[in-house]
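Proteins get letters first, then strands, A, B, ... in listed order; numbering begins at 1 in each. What you are looking at is a predicted structure, and each value in this text was computed from that prediction instead of being measured. Atoms considered below: every heavy atom in the structure, side chains included; atoms not considered: hydrogens, waters and symmetry mates.
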Number of protein chains: 2
Amino acid sequence: MSKDRLRKQGTALYHALSHLVRVYQSRDREHICCYDISITQCNLLEVLLDHGAMRPLNLAQHLMLDKSTTSRVAETLVKKNYVARTPDPTDGRAQLIDLTENGRELVLKIRDELIEEEMAILRDLPKSVQDEAPGLLIRLAKAAQKRTSCCG
Amino acid sequence: MSKDRLRKQGTALYHALSHLVRVYQSRDREHICCYDISITQCNLLEVLLDHGAMRPLNLAQHLMLDKSTTSRVAETLVKKNYVARTPDPTDGRAQLIDLTENGRELVLKIRDELIEEEMAILRDLPKSVQDEAPGLLIRLAKAAQKRTSCCG
DNA sequence: ATACTATAGTTGCAAGTACCACCTATTTTA
DNA sequence: TAAAATAGGTGGTACTTGCAACTATAGTAT
């Protein structure tokens, strides 16, 4: 029966995902901890690197965090001189957050290191997996993101 | 050139993974927040559900957390009456941590809900992805786990 | 023009996450 | 039996996170 098959695969996916998330979180933590920042802080820098300067609210959407959390993480990074705020000339309430030169250097260095890690991981896997992995992960992320939460 | 290809794929994997981790973390947070516990607390309950009673140190390995962190998370769960400690008769220093009936019920309910989520996600994906996803995620997790950290 | 509403961002609060270094008690080993 | 190792917990510090409440600016409807 197809319902059973789906449940079996859902269960397998559930276990695989929760393990994967734990492993990568832990790995990222261990890599990033050599530097001056935490994972969340690094994520914020990455978003800026990939998408350019943006407003805190926009940043919060990318990071999937509350605006207050985002505001505080940004504040920490301002103090560490990895990002800078500038008032948005088109809206007196808004501001733009962007990488400083320091921040750009740091996030590029960390990204490079993590990409080396991924390459090392891929090297041990068969070619078919190397080819399929990124696309599959993107699909899974997109599918999950489309769904809304339970307790809205 | 194969080196270039590997780098391109490593970069793609890097982006896909970091996004996936963020999305699923956020999703789990939103699902679990309806209940009495946090993500880490839920992870701890899950490990006990899957592997049975164990010592704090063993639990820390499964969770990939420091033993002190594990100890405190367990303490919180004892207070909430989801896990219980019993002294290990074979070693006066050790103890065993296990789910209470309450804890078992809670984690089963949450797991069921998340598996339903996974099933809903799978439903929208082609059969080939449904079949391959869990295996691929497991491979990736295993490969990452084999590697050691940078700043040991 | 002016009051009402909406939006951007911050702050107070509470709980949780996380690690390091250090401590106590017990066990193992030399 | 003394020394070293191990299990677990504590103190301390810093960060994460969301909710609710707040300030200031912007937009809207009289």
Could you list the residues that satisfy side-chain contact (heavy atoms from CB on, under 4.5 Å) with [X], not counting sequence neighbours?
X: B/Pro89; answer: none
X: B/Asp36; answer: B/Lys80, B/Tyr82
X: A/Thr100; answer: A/Asn81, A/Ala84, A/Asn102
X: A/Arg7; answer: A/Thr11, B/Asp112, B/Ile115, B/Glu116, B/Met119

Rounded distance in Å - [atom1] ([X]) to [atom2] ([N]):
X: A/Asn43; N: D/dC15; atom1: CG; atom2: P; result: 16 Å
X: A/Asp28; N: D/dT16; atom1: CG; atom2: P; result: 14 Å
X: B/Asn58; N: D/dA7; atom1: CG; atom2: P; result: 10 Å
X: A/Ile32; N: D/dT16; atom1: CD1; atom2: P; result: 11 Å
X: B/Leu77; N: C/dA15; atom1: CG; atom2: C1'; result: 13 Å
X: A/Leu44; N: C/dG9; atom1: CG; atom2: P; result: 13 Å
X: A/Leu45; N: D/dC15; atom1: CG; atom2: C1'; result: 15 Å

Query raised in the report: Are B/Leu108 and B/Val83 co-members of a hydrophobic cluster defined by side-chain heavy atoms under 4.5 Å apart?
Result: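 They do share one cluster, since a chain of ILVMFWY contacts under 4.5 Å joins B/Val83 to B/Leu108.
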Requested in this report: Say whether A/Ile138 and B/Leu17 are linked into one hydrophobic cluster, either directly or through other cluster members, by side-chain heavy-atom distances under 4.5 angstrom.
Outcome: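 Not linked; separate clusters.
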Run the side-chain donor-acceptor check on residues 125-134 of chain B: report pairs under 3.5 Å with partners two or more places apart or on a different chain.
residue, atom, partner, partner atom, Å
B/Gln130, OE1, A/Arg5, NH2, 2.9
B/Gln130, NE2, B/Leu122, O, 2.9
B/Gln130, NE2, B/Leu125, O, 3.0
B/Asp131, OD1, A/Gln9, NE2, 2.6

Report task. Under the ring-ring contact (aromatic ring centres under 6.0 Å, His included) rule, collect the residues that match up with A/His62, sequence neighbours excluded. Result ->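 For A/His62, the residues satisfying ring-ring contact (aromatic ring centres under 6.0 Å, His included) (neighbours in sequence not counted) are A/His51.
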**Report entry** Those residues that, when tested against A/Asp124, pass salt bridge (Lys or Arg N to Asp or Glu O under 4.0 Å) (two or more places apart)
**Finding:**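 Not a single residue meets the salt bridge (Lys or Arg N to Asp or Glu O under 4.0 Å) criterion with A/Asp124.
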Query raised in the report: Residues in salt bridge (Lys or Arg N to Asp or Glu O under 4.0 Å) with A/Asp66, at least two apart?
Result: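 Residues passing salt bridge (Lys or Arg N to Asp or Glu O under 4.0 Å) with A/Asp66: none at all.
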Query raised in the report: Do the side chain of A/Gln41 and the main chain of A/Ser38 share a donor and acceptor less than 3.5 angstrom apart?
Result: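 The answer is yes, because a donor-acceptor pair under 3.5 Å joins these two groups.
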Protein N or O to nucleotides 1-7 of chain C N or O, pairs below 3.5 Å:
residue, atom, partner, partner atom, Å
C/dT7, O2, A/Arg93, NH1, 2.7

**Report entry** Under-4.0 Å salt bridge between A/Arg111 and A/Glu117
**Finding:**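 No.
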Query raised in the report: Does any donor atom in the side chain of B/Tyr24 or A/Gln145 lie under 3.5 Å from an acceptor atom in the other side chain?
Result: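 No donor-acceptor contact under 3.5 Å links the two side chains.
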Query - DNA chain D contacts made by residues 85-92 of chain A, counting heavy atoms under 4.0 Å - result: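 Residues of residues 85-92 of chain A that come under 4.0 Å of DNA chain D are, in numerical order, A/Asp91, A/Gly92.
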Query raised in the report: Which ones in residues 95-106 of chain B lie close to DNA chain C, meaning a heavy atom under 4.0 Å from one of its atoms?
Result: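 Heavy-atom contacts with DNA chain C come from no residue of residues 95-106 of chain B; none.
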Measure all distances between protein nitrogen or oxygen atoms and nitrogen or oxygen atoms of nucleotides 16-22 of chain C, and list the pairs falling under 3.5 Å.
residue, atom, partner, partner atom, Å
C/dG16, OP1, B/Lys80, NZ, 3.1
C/dG16, O3', B/Ser38, OG, 3.3
C/dT17, OP1, B/Ser38, OG, 2.3
C/dT17, OP1, B/Thr40, N, 3.4
C/dT17, OP1, B/Thr40, OG1, 3.0
C/dA18, OP1, A/Arg29, NH1, 3.1
C/dA18, OP2, B/Thr40, OG1, 3.3
C/dC19, OP2, B/Asp66, N, 2.8
C/dC19, OP2, B/Thr69, OG1, 3.4
C/dC19, N4, B/Arg72, NH2, 3.2
C/dC20, N4, B/Ser68, OG, 3.0

